[in-house]
Novice: 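Pasting a structure here, questions to come.
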Amino acid sequence: MGKTHWPGSFMVVPFKDTEPVSFVAPLKAYIASAFAEDPDQYADDLRTLDAHRKSIMSPEPHEESASYHLKYYAHLHYLSAKFSLDDDHIRIAFTWANALGKEKEYNSSYNVGFEKASVLFNLAAIYCHMASNEPLNSDEAYKRSASYFQQSAGAFTAIIDNLSAWNISGSSSIQLSALSQLMLAYAQQVFIEKAIAGKMKDATLAKLAAQASVFYNTAFETASQTTIFDKSWLNFMQVKANHWKALANYHKSLEVNAAGKYGEQIAWLNAALANIKKSTDPALLKHVSHPKVGDEVKATLSTIEKALQQANKDNDVIYMEIVPKFEALSAIAPARMVSPTALPDMSTLTNFIGKPLFQHLVPFAVHQAASEYSSKKDSVAKDAVAKLTEATAIAFTTLASLNLPAAIDALEQPIGLPAALIRRSEEVRSLGGSKALYVSWDTIQALAKKNWDALRDASERLDQETAEDESVRMQFGSRWTRNSSPSVTKNLRDSEQQLRKKLQDADNANRIVRTKLDANLHLIESLSVSREELEASIPASTTASTLALKDPNVKELKGLMDKLNANIKRRTDLVDRIKKAALDDDIAPRLLDAVVLNENFDKKDVFAKQLQLYEPFHAEIKQMVAEQEQILQLIVACNKRFVESRQTNDLIRQRENALQSLENGYKSFKDIMANMDEGIKFYSDLEVVMQKFVTNCKDFVMARDIEKKDILAQIQRNISNIRITDPLPSTPTPNPSTGTTTGAPPQFHQPQQQPLVPQQGGFYTQPQAQPSAPGIWQPGQQPLQYGGGGGGGGMGQSNLPPPIPVQPTYYVHAPGAPMPAYNNQMLPPQQPQYGYAPPPGAYAPGYGVAPQGVFPGQPPQGYQQPPQGYQQQQQQQYPQQR
């Protein structure tokens with residue numbers, strides 16, 4: 001057969017042009033305000049980010065350029081997890097021109113998703129160019145070309161999959177779907193060309209060509225739904241779809257001819273001829289700009305016509321078979337050989353870029369999630385410890401109800417002191433006895449008072465600032481334009497309530513401890529005396545029950561109590577391990593990883609996985625408690641037999657009760673001392689948090705006071721400038737935009753060339769440009785598109801929205817005032833007991849103020865009009881300065 005295809009007959013996707021962008025100034029301002037950190041320590045990261053952005057401005061068809069785009073895209077992914085680059089927060093204008101359409105139009109957006117999508121678009125275009133540049137003269141060249149086309153389709157598909165997450169609307173998905181299908185058609189075509197070069201069977205070639213036709217036709221039908229693609233693209237796709245359909249039918253005719261089905265051969269050739277004539281339609285070909293396509297389809301037309309002429313001649317003279325209707329033939333089953341190649345996942349990209357930029361800058365959302373998790377893990381750890389504490393209390397209460405071990409001690413040693421009691425008495429004396437407990441109590445009371453005083457001081461400062469703000473607001477009315485105190489003190493007031501709740505709960509715990517101390521004071525003081533005094537205070541018996549001492553129940557009881565004591569001793573070590581695990585449990589790295597992999601990660605899922613750390617502890621606690629229950633059951637049963645068999649008298653019973661009371665006193669002493677140590681640690685840790693809170697309140701009040709003075713001074717200046725005879729200023733009429741520019745790139749003022757201005761609502765932005773002359777591009781309101789002009793969902797003119805007042809996310813410090821290093825602690829819900837350690841690294845944004853414009857309304861109360869003629873005299877004496 002003759003030449004029916006020309007290798008490399010592809011229309012390549014053009015690149016999107018872009019304008020320079022600098023991240024340095026906006027991100028430095030945001031880091032200083034939102035993170036309360038010195039932005040200079042991230043100067044290298046900021047310069048590196050700008051360098052990555054610069055590296056993708058001039059895409060070229062080679063691996064290095066593709067690598068630049070992938071690296072920059074990966075850094076944008078990490079960046080999005082730490083900075084909110086959008087209309088409401090950090091405003092950096094990303095400007096890109098459309099790649100398709102009759103005219104080049106520029107669109108700008110503050111949305112970093114628009115930047116990501118544009119970068120991936122050019123990455124897909126790079127792969128397309130690299131694939132079409134392959135010479136297709138070797139197996140390796142065929143493989144590289146097909147691989148690049150599939151990578152291009154994968155990049156377009158990645159954009160489609162993220163359009164919703166990146167908040168990009170319009171008909172972008174339709175355009176991108178058409179391009180993705182076109183790249184797959186190209187890749188399938190490369191496979192066919194390799195198969196033809198390898199002289200594969202006609203049956204295989206027919207199936208491969210059928211699938212190529214499907215891809216081209218799908219691309220054409222999808223592209224026809226928008227006006228982005230001009231006739232050169234649409235006609236190209238339509239011609240290629242019909243061409244490969246004709247080739248599929250042609251190769252099928254060769255297949256049936258080899259099988260001796262000459263009539264069927266003619267039917268397939270007739271269908272092939274009909275398909276190729278559609279491709280050679282002059283109305284289509286005249287708009288196809290690719291030089292090879294016209295020659296390609298004309299050569300195929302000639303080949304099919306000659307084959308059909310010969311087939312008809314042979315059948316008429318030799319075979320004389322009936323030619324079946326084409327509809328009666330079995331359709332060719334397409335053989336798909338290609339699919340979009342997914343972009344590398346984030347773990348692969350992490351290895352690709354090395355250390356992410358701003359690695360040590362933790363997003364505020366992660367701070368909040370870490371603080372929330374800190375509360376959860378503390379609760380889990382406390383519940384575990386509480387179960388062990390409850391089990392120990394049950395054990396001691398059960399033994400006390402049975403008068404154990406005092407009942408055995410009284411029989412075994414009717415005179416003198418048991419060795420265990422001697423050790424307990426010596427321990428109480430060495431720890432200071434009741435005196436040490438009262439010293440600890442006084443320390444707790446002093447720390448509690450100090451914390452309460454600090455909280456009252458901070459609260460009074462906030463109350464006074466709120467009252468002053470309300471006073472001037474009532475005085476100046478609508479001219480007092482800054483945010484009200486309640487609207488900007490929410491974080492501080494929330495922290496105040498959390499701190500107050502913690503102190504109130506601590507006071508309740510203190511009362512319980514003091515009640516326990518007063519109830520057991522006489523026993524603790526008895527244990528604090530000398531050995532001789534203690535021995536004299538305990539009743540003694542000169543007669544021992546020999547029969548009771550020989551009772552086998554005594555030996556069994558002692559053995560069971562040894563097992564119980566061993567069980568209780570093991571749980572002390574377990575409690576220490578649980579507390580250490582909670583102290584070392586830092587979820588921040590896992591949260592950062594989750595943010596990087598998915599900006600909208602599910603923190604509950606992350607928490608659940610991290611809390612699995614405590615599952616082994618729960619299993620160990622369950623086993624210990626079950627073992628204790630079994631031992632206590634055996635002790636109760638054995639003690640019953642012991643009581644029934646022993647011989648005793650009143651003196652022995654008195655000694656038994658005395659020994660048991662001292663045993664209970666020792667346990668109470670240890671519990672009270674542990675409670676007080678815990679209380680001292682609680683108040684000491686809370687004092688650190690409290691001082692930071694007080695400092696934040698002082699800084700906030702100071703900044704608000706500076707802002708108030710600035711606004712009052714501005715109002716005073718506005719009043720002094722009022723001239724009664726001056727006409728009211730008219731509202732300037734804006735110059736309407738003339739639409740988008742065509743041809744050369746627009747005159748676009750880059751963000752980095754303008755000073756940052758704090759806006760109401762808490763974000764930084766560049767100053768708004770004045771209305772431009774006709775022919776100069778201006779931002780508009782259209783959705784972000786990927787194609788060109790001409791309406792119909794194309795990438796028409798798109799304007800940047802004006803600043804939108806939003807709930808403040810952070811505040812800018814007043815000019816001339818020092819930037820306070822705010823570091824509010826995000827406090828978890830209050831626990832009802834001591835033992836809460838403030839979460840390390842907890843964080844809330846600082847508070848500052850931004851001066852806002854004041855527009856005078858009516859003169860203040862008490863202002864009187866000047867006498868008649870005053871205006872004229874003043875103008876004569878003091879000429880108005882222009």
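Model, not experiment: these values are computed from the prediction.
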Novice: How long is the span from the CG atom in L527 to the NE2 atom in H522, to the nearest 0.5 Å?
Specialist: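 The NE2 atom of H522 is 10.0 Å from CG of L527, to the nearest 0.5 Å.
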Novice: With rounding to the nearest 0.5 Å, note down the distance linking CG in N451 to CZ in F693.
Specialist: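 Going from the CG atom of N451 to the CZ atom of F693 covers 12.0 Å.
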Novice: Run the side-chain contact (heavy atoms from CB on, under 4.5 Å) test against Q633 and tell me which residues pass, sequence neighbours left out.
Specialist: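 Per chain and number, Q633 pairs via side-chain contact (heavy atoms from CB on, under 4.5 Å) with no residue.
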Novice: Is there a donor-acceptor contact under 3.5 Å linking the side chains of N664 and S661?
Specialist: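 No.
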Novice: Is the side chain of S528 donor-acceptor paired with the backbone N or O of R429 at a distance under 3.5 Å, no angle test?
Specialist: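 Side chain of S528 to backbone of R429, a donor-acceptor pair under 3.5 Å: no, none is there.
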Novice: Any chance you could lay out the side chain to side chain donor-acceptor pair (under 3.5 Å) test for D518 and T515, step after step, and finish with the verdict?
Specialist: CA-CA 5 Å; D518 293 341; T515 300; 5.9 Å; no
Novice: Holding to salt bridge (Lys or Arg N to Asp or Glu O under 4.0 Å), I want the full list of residues that pass it with K667, two or more places apart in sequence or in another chain.
Specialist: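 Residues passing salt bridge (Lys or Arg N to Asp or Glu O under 4.0 Å) with K667: E663.
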Novice: Can you list everything that forms a salt bridge (Lys or Arg N to Asp or Glu O under 4.0 Å) with K670? Sequence neighbours excluded, please.
Specialist: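 Here the qualifying residues are E427.
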Novice: Considering only heavy atoms from C-beta outward, does the side chain of L27 approach that of L49 to under 4.5 Å?
Specialist: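 Sidechains of L49 and L27: in contact.
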Novice: What I'd like to find out is whether the side chain of I31 reaches to under 4.5 Å of the side chain of F83, using heavy atoms alone.
Specialist: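 I31 reaches F83 side chain to side chain.
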Novice: Would the number of heavy atoms belonging to other residues, nucleotides or ligands and lying under 6.0 Å from CD of Q630 be above 12?
Specialist: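 Incorrect, the count does not exceed 12.
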Novice: Supply the atom-to-atom distance D677 CG to I444 CD1, rounded to the nearest 0.5 angstrom.
Specialist: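 Atom-to-atom, D677:CG and I444:CD1 are 8.0 Å apart.
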Novice: If you round to the nearest 0.5 Å, how far is NZ of K116 from OG of S80?
Specialist: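 Here the rounded value is 3.0 Å.
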Novice: Check whether any side-chain heavy atom of L503 sits under 4.5 Å from a side-chain heavy atom of L686, and report yes or no.
Specialist: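 Yes, at least one pair of side-chain atoms sits under 4.5 Å.
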Novice: Please tell me if the side chains of L564 and L399 come closer than 4.5 Å, counting only heavy atoms from C-beta onward.
Specialist: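 Sidechains of L399 and L564: in contact.
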Novice: How long is the straight-line distance from CG of L517 back to CD1 of I524, given to the nearest 0.5 Å?
Specialist: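 Result: 6.0 Å between the selected atoms.
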Novice: Testing L85, D45, L357 for side-chain contact (heavy atoms from CB on, under 4.5 Å) with L79, which one passes?
Specialist: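 Single side-chain contact (heavy atoms from CB on, under 4.5 Å) partner of L79 among L85, D45, L357: L85.
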Novice: Would D383 and K387 pass as an ion pair if we require N to O under 4.0 Å?
Specialist: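 The answer is no: the pair does not qualify as a salt bridge.
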Novice: Under the rule for side chain to side chain donor-acceptor pair (under 3.5 Å), what residues qualify as partners of R571, not counting sequence neighbours?
Specialist: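 Side chain to side chain donor-acceptor pair (under 3.5 Å) list for R571, sorted by chain: T392, N567, Q628.
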Novice: Apply the side-chain contact (heavy atoms from CB on, under 4.5 Å) test between L557 and each candidate in L634, L404, D562; give the one that qualifies.
Specialist: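 Result: among L634, L404, D562, L404 is the only option passing the side-chain contact (heavy atoms from CB on, under 4.5 Å) with L557.
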Novice: Does T389 have any side-chain contact (heavy atoms from CB on, under 4.5 Å) partners at least two apart in sequence or in another chain, and if so, which?
Specialist: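 Partners of T389 under the side-chain contact (heavy atoms from CB on, under 4.5 Å) test: V385.
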Novice: Inspect the contact between D507 and R511 and indicate whether a charged nitrogen and a carboxylate oxygen are less than 4.0 angstrom apart.
Specialist: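 Here R511 does not pair with D507 in a salt bridge, since their nearest N and O are not under 4.0 Å apart.
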Novice: Taking side-chain contact (heavy atoms from CB on, under 4.5 Å) as the definition, give me every residue that meets it alongside A384, ordered by chain and number, with sequence neighbours left out.
Specialist: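 Applying side-chain contact (heavy atoms from CB on, under 4.5 Å) to A384 gives I578, H618, I621.
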Novice: Nearest 0.5 Å, what's the OH-NZ distance between Y78 and K355?
Specialist: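 Y78 OH to K355 NZ: 13.0 Å, rounded to 0.5 Å.
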Novice: Apply side chain to side chain donor-acceptor pair (under 3.5 Å) to S668 and list each qualifying residue two or more places apart in sequence or on a separate chain.
Specialist: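 Partners of S668 by the side chain to side chain donor-acceptor pair (under 3.5 Å) criterion, ordered by chain and then number, come out as N520.
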Novice: With heavy-atom distances below 4.5 Å as the criterion, would you say the side chains of L523 and Y666 are in contact?
Specialist: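 They are not in side-chain contact.
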Novice: Can you find a heavy atom in the side chain of R577 that is under 4.5 Å from one in the side chain of E620?
Specialist: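 Sidechains of E620 and R577: in contact.
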Novice: So S459 and R493, do their side chains get closer than 4.5 Å, heavy atoms only?
Specialist: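 Touching, per the 4.5 Å side-chain cut-off.
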Novice: Could you walk me through whether K382 and D378 pass the salt bridge (charged side-chain N to carboxylate O under 4.0 Å, His left out) test, one step at a time?
Specialist: CA-CA 6 Å; K382 283 191 173 189; D378 286 342; over 6 Å; no
Novice: Just jot down the ring pair (Phe, Tyr, Trp, His ring centres under 6.0 Å) partners of F669, sequence neighbours excluded, or say none.
Specialist: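 For F669, no residue satisfies ring pair (Phe, Tyr, Trp, His ring centres under 6.0 Å) once neighbours in sequence are set aside.
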Novice: Do V488 and F700 have side chains that get closer than 4.5 Å, going by heavy atoms?
Specialist: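 Yes, at least one pair of side-chain atoms sits under 4.5 Å.
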Novice: Walk me through it: do D457 and R461 pass the test salt bridge (charged side-chain N to carboxylate O under 4.0 Å, His left out)?
Specialist: CA-CA 6 Å; D457 175 57; R461 289 176 185 272; 3.3 Å; yes
Novice: Is it true that, when you exclude K450 itself, more than 12 heavy atoms of the residues, nucleotides or ligands shown sit nearer than 6.0 Å to its NZ?
Specialist: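 Open.
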Novice: Who passes salt bridge (Lys or Arg N to Asp or Glu O under 4.0 Å) against D453, sequence neighbours left out?
Specialist: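 Per chain and number, D453 pairs via salt bridge (Lys or Arg N to Asp or Glu O under 4.0 Å) with K449, R456.
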Novice: Please name all residues satisfying ring pair (Phe, Tyr, Trp, His ring centres under 6.0 Å) with F607, sequence neighbours left out, ordered by chain then number.
Specialist: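 Scan of F607 (ring pair (Phe, Tyr, Trp, His ring centres under 6.0 Å), adjacent residues dropped) gives Y373.
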Novice: Quick one: list whatever passes salt bridge (Lys or Arg N to Asp or Glu O under 4.0 Å) with R570, sequence neighbours left out.
Specialist: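 Counting only residues at least two positions away or on another chain, R570 forms a salt bridge (Lys or Arg N to Asp or Glu O under 4.0 Å) with E627.
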Novice: Checking S164 now: which residues fulfil side chain to side chain donor-acceptor pair (under 3.5 Å) with it, not counting sequence neighbours?
Specialist: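 With sequence neighbours excluded, S164 shows a side chain to side chain donor-acceptor pair (under 3.5 Å) to no residue whatsoever.
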